[in-house]
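Here's the structure, in structure tokens; my notes come after.
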Amino acid sequence: MGLFDWLGGKDRGRKPVRTLGLALGGGGVRGAAHLGVLDVLEREGIRPDVIAGTSVGSIIGACLAAGLDVGEMRETMRTLKWTDLTRLSWGNRLALLDTTPLRRFIDRSLGEREFDDLEVPFAAVTCDVLTGAEVLVREGSVARAVTASSALPGLFPPDEYGEALLIDGGAIANLPVRAARELGADYVIAVDIVPEPDGTRRPEDVKDVLLMAFDIFIQSNQSLDEAEAECTISPVLAGMPPWDFDLVDQMVALGRSAAEEALPQLRADLRERLEGVAR
């Protein structure tokens with residue numbers, strides 16, 4: 001027995017992983033980096049048993065759980081513009097923008113699927129703005145759940161779920177590691193797509209101010225969730241705004257690069273699972 005083993009050191013690669021969880025964080029268009037990470041995981045045969053997502057992470061996570069092709073998701077994202085997803089809200093005192101186009105886009109992507117129709121167990125993370133509680137949506141319409149999970153406060157309208165008024169899950173858990181645990185994961189791969197502010201961008205309008213402020217809020221509240229994940233993949237997205245669809249290809253590439261860097265750890269930790277796939 002080596003000194004490391006005698007001292008009780010962590011050797012996660014020697015403990016079989018029963019339930020592999022994937023936690024996809026929010027971050028607007030930077031969600032394209034998730035697709036780069038998923039490209040690498042798919043190539044390596046690393047397939048999650050459960051998936052949790054917040055905001056754009058919930059949209060991509062739901063599509064993955066539904067069995068949609070990652071390459072097709074990437075091509076779809078490359079063609080999008082904000083005008084495809086939002087429009088000015090008239091008469092709604094709770095939001096600047098109307099997300100009806102976003103809901104229609106998600107409906108087209110996911111159809112009328114309910115959570116029971118998904119191929120992989122999935123949860124969308126939201127926040128009840130009335131109580132401040134984290135709410136995991138795991139039943140009913142998947143499209144409605146991920147739209148609520150993406151309802152950035154101030155920009156997009158909240159969604160009434162019974163007694164709750166749901167907004168973007170990033171307000172309470174932008175990196176949904178705890179949600180993956182609640183789905184049964186004993187090993188969680190978390191993908192964090194919100195970089196620390198680097199001083200290179202200035203806001204151009206009220207939308208920019210709200211999004212940049214939300215990023216700062218997320219960063220100041222996220223360290224605990226990162227510590228709870230066995231593997232956190234953090235693409236280097238500094239200077240990448242969360243609203244620029246022209247940068248999708250670059251963000252995908254940065255996601256791939258970050259996943260490649262994490263592979264030695266993942267191959268060691270998930271060795272028994274990967275050997276089973278190879279056989």
Step by step, would you call I60 with L38 a side-chain contact (heavy atoms from CB on, under 4.5 Å)?
-> CA-CA 10 Å; I60 292 173; L38 294 178; 3.9 Å; yes
L175 side chain near T54 side chain, heavy-atom distance below 4.5 Å = no
Do the side chains of L152 and L130 join up, straight or via other hydrophobic residues, at under 4.5 Å, putting them in one cluster?
-> no
Relative to each other, are the rings of F156 and W82 parallel, tilted or perpendicular (30° and 60° limits)?
-> tilted
Validation row: L35, M77 side chains within 4.5 angstrom (heavy atoms) | yes
R87 atom CZ: more than 12 heavy-atom contacts under 6.0 Å | yes
Do V125 and L136 have side-chain heavy atoms sitting under 4.5 Å apart?
-> yes
Within a strict 4.5 Å, meaning less than it, do heavy atoms of the I189 and I46 side chains meet?
-> yes
Here the gap from M251 atom CE to M240 atom CE, rounded to the nearest 0.5 Å, amounts to 5.5 Å
Rounded to the nearest 0.5 Å, what's the gap from CG on N174 to SG on C127? Could you check?
-> 11.5 Å
Within one Ile-Leu-Val-Met-Phe-Trp-Tyr cluster: V70 and L254, side-chain cutoff 4.5 Å = yes
Test side-chain contact (heavy atoms from CB on, under 4.5 Å), reference C63, set L68, V142, I51, output is L68
Short N-O contact, R43 and E260, less than 4.0 angstrom | yes
Going hydrophobic residue to hydrophobic residue with side-chain gaps under 4.5 angstrom, can you get from L85 over to L96?
-> yes
When rounded to the nearest 0.5 angstrom, what distance separates CG in L24 from OG in S55?
-> 11.5 Å
If we only count heavy atoms from C-beta on, is the L165 to V129 side-chain gap below 4.5 Å?
-> yes
Ion pair check, E134 and R178, cut-off under 4.0 Å | yes
Does the pair T232 and D192 meet the rule for a side chain to side chain donor-acceptor pair (under 3.5 Å), with working shown?
-> CA-CA 7 Å; T232 299; D192 176 15; over 6 Å; no
Take D159 and R103, measure what salt bridge (charged side-chain N to carboxylate O under 4.0 Å, His left out) needs, and give me the verdict at the end.
-> CA-CA 12 Å; D159 194 313; R103 175 64 184 270; 5.1 Å; no
To the nearest 0.5 angstrom, please state how far the CZ atom of R271 sits from the CG atom of L266.
-> 14.0 Å
For residues L102 and L97, determine if any side-chain heavy atom of one lies less than 4.5 Å from a side-chain heavy atom of the other.
-> no
Within a strict 4.5 Å, meaning less than it, do heavy atoms of the Y161 and T126 side chains meet?
-> no
Can you check whether F122 reaches V146 side chain to side chain, under 4.5 Å on heavy atoms?
-> yes
Distance in Å, L64 CG paired with R47 CZ, rounded so as to fall on 0.5 Å steps | 10.5 Å
Transitively linked via ILVMFWY side-chain contacts under 4.5 Å: L263 with V236?
-> no
Should the pair R181-E230 be classified as a salt bridge under the 4.0 Å nitrogen-to-oxygen rule?
-> yes
Taking atom CD of E75 as the centre, report whether more than 12 heavy atoms of other residues, nucleotides or ligands fall under 6.0 Å from it.
-> yes
